[in-house]
Amino acid sequence: MVSPHGVQLATHLISSFYGDLCSKVCECLLRRGTLTLAQIIRFTELSRENVINCLRVLIHQNCVQAFAIQQEGAFGEAPRVITQYMALFDNMIHKMRAPKFMQIVSEELGKDVGSSDVDVVRESFNRLLIARFIERCPAPEPFLAPPADGETPAKKRAAKSAKIGEERQTTEQRALAAAAPMESMRFLMEMDGLSEEKSEECTNSVTVGEKRKQDVLKSDEDVLNADKKKEVLWRVNFEELVRRLRHKACISYVKTRINDEAAIVLSAMLELSRHSETRQKAENSAYLSINAIYDEVIKKEGGLGMDFERIRVSLEQLGCQCLETGIDESYSIDIKGIIETSQTEEMESVVLRRYGREAYRIFRLLSKAGRFLETDKISDTTFVEKKDTTKILYKLWKDDYLHMEKVMTSGAKQSLFLLWRINKEPLREHVLDEMYHAALNLRLRIAHEQDKGKEVLQLPREKLVGELEKRYKLLGKVRVILESSLMNLDEAIMLFHDF
Amino acid sequence: MAFRGRGRGRGGFGGGGFRPAKQEPLELFPEIEGLGTAEYSTAQIELIKWSSSLHKYWNSSPYYYEDRSERPEKVDKPDIERYSDRNLLAGKVKPPLWHFIRLDTDHVPAELARGEKRQKLVKRVRWNPESDLQKLDLFEKLEQKHQGQEGTEKKENEEEEEEDGANEEDEGEFSDEGDYEQAEYCDDDEDDYNMADDNNDEPFY
């Protein structure tokens, strides 16, 4: 389930991009889970036509996935097939970071020149496909076969209920897996004998430079294939773009933590192993031989002067696992470890800013310990006064950063011990929820400022003199500050959710 | 706790009673004093520009779905027109969704599908076979009299189809679904129902 502020943020994004009706449908799906069309109509209280059109838009914009599932008939009726709709939360949040994705593409493939020439568009399309920035759209309505009855022989009650809980979770996952195109087909464009090529731009045909690039990136670009089978639709491949951002984040973290050389070595390794990363959140990179690493490192800027010895030193600093097979030594890097350390540091810095240095020390102690610690012990280890410790611990506990348990000892003297501990998973989700909340507030504020300055913004440049000019400049400054804060915050959100 | 406090409040604590809290009006967006200078590079400014142009694009596209029945047919101009209202009334009519999204069963679940656009146009023309048969009889008679007239009528139908095809690329003016259908239903008895049925897919199953 998505955290409450996450739902609010996603709903706000959809409402600002696609209107209030779409956002109502979105909110309904996010809050109530997977629903059928009839259920959506009932819960949103919108007209049937509106709900249908909203679903069409949302499916088209990759925010909703539909699937067909067999439902058991009630009281002797035959089982029937119904269509259910699930919300794709990640893709909704991705709308907020579309400019970052565009930046990655423009850095790698260069900006498109504004031209409506079909060949240019085709060439850009091919380049995007080769770089795997676009992929085939998933199936609109995959059918999920019910699990075979023979799979569950007589089991214990506990096991069966656990299985039911599991199965509910995996229905959505099964739907996504069934909808996704086969790995071999995903980036395959059929090129059999196109005689007449009709590149139908579903977006508008405005050919301003940047807009053209947007059009190419849009998920609704389609190319008519010569074969009369169904038309292939393409969309942005978020997985690849998130992977690039993930690598970027790792490299910049290593650059600040260790040094530049280690960052260069890391970027070389990540680039080499990028194509073999099949999972969304790969934990380790592939094992790469030292020679391959060396070849890649000297290609990078700043890496020219590095030799084998310096590379080995950097690899050690990065904490790589070394695998020696005969004469060849290969290294693999633990990406997950880097991400986790980065997350912990982020959380610690939040605690430092909000609760002070002493709280920071206590928090660090608890997160390193990974087990219950008693109040006195904490106070002794961190050199903080006992009553301050208690105060700080209570504050952190009230804000859901810590977990507390009370232990009563009976016997000669009855005393109450308070034990404290950090649970990493719930804490991560809590911090993520707070970040969603902050992002939502930022977006609302940006919208508010835009609305407030509506009059000034619509004036032509010449009329902006004196007081109006000052206001205009202030509006611009405010806007840039808010938007860049939002982008920095978004990096942190991605660190906790997508990486 | 409150009751316990009150008894002692008069004695030593002076002011230990609970005065009503000072009510401040809720300010949703308070002014920020002293805006700092956020360090932003030129790359960020480019991102901001992209973000704003994407936002404008999405808002002006037909993906920004509005309820057609809620929008009044004629928008009354307000008594005092403000400068910021300049863009409000212009360009409100948006193209229907199926100009931009593939709505056939290959790309959209069956219950949301609309059928092929070309087929639909053809169906529209051939709607209500009884009245058409009558029309055909009429045409046959007219054909003998006015061969030229009938030719132009058929051409008009074709032109309409072509126009609709051309309208896919043209963003400017194109007929709303409702207008197009009204022309076909004008000789039908159930005018009232058909007005509401304009955008409903049901008749085509």
Side-chain angles (χ1 to χ4, degrees), chain A residues 16-22 37 46-50 52-57 59-61 66-68 83 85 95 98-100 102-103 137 140-141 200-205 208 210-211 214 220 222 230-231 233 444-445 448-449 452 454-455 458-459 474 477-481 483-485 487, chain B residues 28-29 32 35-41 43-55 57-70 82-84 86-87 96-114 168-171 198-202:
Chain A
S16 66
F17 293 145
Y18 303 122
D20 283 329
L21 294 173
C22 288
L37 179 62
L46 295 172
S47 76
R48 186 187 167 88
E49 182 208 341
N50 281 336
I52 285 183
N53 280 328
C54 286
L55 281 173
R56 283 172 178 166
V57 170
I59 291 179
H60 182 69
Q61 296 290 334
F67 57 95
T83 308
Y85 300 91
K95 301 273 172 203
K100 285 198 186 158
M102 286 163 72
Q103 189 187 44
C137 283
E141 198 180 3
E200 193 178 327
E201 295 284 330
C202 285
T203 57
N204 56 11
S205 49
V208 180
E210 289 173 292
K211 271 254 171 116
Q214 282 176 35
D220 46 6
D222 51 51
K230 55 177 175 177
E231 257 175 278
L233 291 184
L444 287 172
R445 184 82 202 220
H448 169 77
E449 296 287 336
K452 217 168 57 172
K454 201 166 51 171
E455 299 278 347
Q458 286 187 336
L459 290 174
L474 182 64
K477 187 174 164 200
V478 163
R479 174 93 191 260
V480 170
I481 290 178
E483 294 259 14
S484 39
S485 321
M487 275 179 228
Chain B
L28 201 56
F29 294 111
I32 306 170
L35 269 178
T37 49
E39 286 142 15
Y40 46 88
S41 55
Q44 293 256 10
I45 295 195
E46 200 169 8
L47 288 178
I48 295 171
K49 282 192 202 152
W50 272 335
S51 147
S52 117
S53 61
L54 258 182
H55 195 153
Y57 172 75
W58 273 329
N59 281 358
S60 64
S61 74
Y63 307 133
Y64 193 94
Y65 182 70
E66 288 164 336
D67 195 359
R68 274 155 197 262
S69 53
E70 272 179 21
R82 285 160 85 211
Y83 194 75
S84 52
R86 182 176 56 149
N87 290 326
L97 272 179
W98 45 267
H99 276 182
F100 288 81
I101 306 180
R102 305 250 149 209
L103 291 178
D104 49 303
T105 43
D106 284 339
H107 302 113
V108 154
E111 59 188 11
L112 301 181
R114 200 177 179 270
E168 273 184 75
E169 284 107 42
D170 184 15
E171 254 208 286
D198 274 349
N199 295 324
N200 204 335
D201 291 339
E202 303 274 302

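In what follows, chains carry the letters A, B, and so on, assigned in the order in which the sequence lines appear, proteins first and then strands, with residues in each chain numbered from 1.
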Open item on the list: To the nearest 0.5 Å, what is the distance between CD on A:Q61 and CH2 on B:W58?
Closed with: 7.0 Å
Open item on the list: I'd like to check the salt bridge (charged side-chain N to carboxylate O under 4.0 Å, His left out) partners of A:E483; sequence neighbours left out, ordered by chain and number.
Closed with: A:R479
- [ ] State, to 0.1 Å, how close A:A66 and B:P109 come at their nearest heavy-atom pair, and which atoms those are.
- [x] CB-CG, 3.4 Å
Task: Which portion of A:S16 sits near chain B, non-hydrogen atoms under 4.5 angstrom - done: both
Open item on the list: Which heavy atom of A:P99 sits nearest to which heavy atom of B:L47, and what is that distance?
Closed with: O-CD2, 3.3 Å
Open item on the list: For A:F17 and B:H55, take the angle between the two ring planes, folded into 0 to 90°, and tell me which bin it lands in: parallel under 30, tilted 30 to 60, perpendicular over 60.
Closed with: perpendicular
Open item on the list: Nearest 0.5 Å, please: how far is CD in B:E111 from CZ in A:R48?
Closed with: 7.0 Å
- [ ] Examine whether an atom of A:L46 lies under 4.5 Å from a heavy atom of chain B, and if so say whether it belongs to the side chain, the backbone or both; otherwise answer neither.
- [x] neither
Open item on the list: Holding to ring pair (Phe, Tyr, Trp, His ring centres under 6.0 Å), I want the full list of residues that pass it with A:Y85, two or more places apart in sequence or in another chain.
Closed with: none
Task: Closest approach of A:S484 to B:I48 (non-hydrogen atoms, all atoms of both residues) - done: N-CD1, 4.5 Å
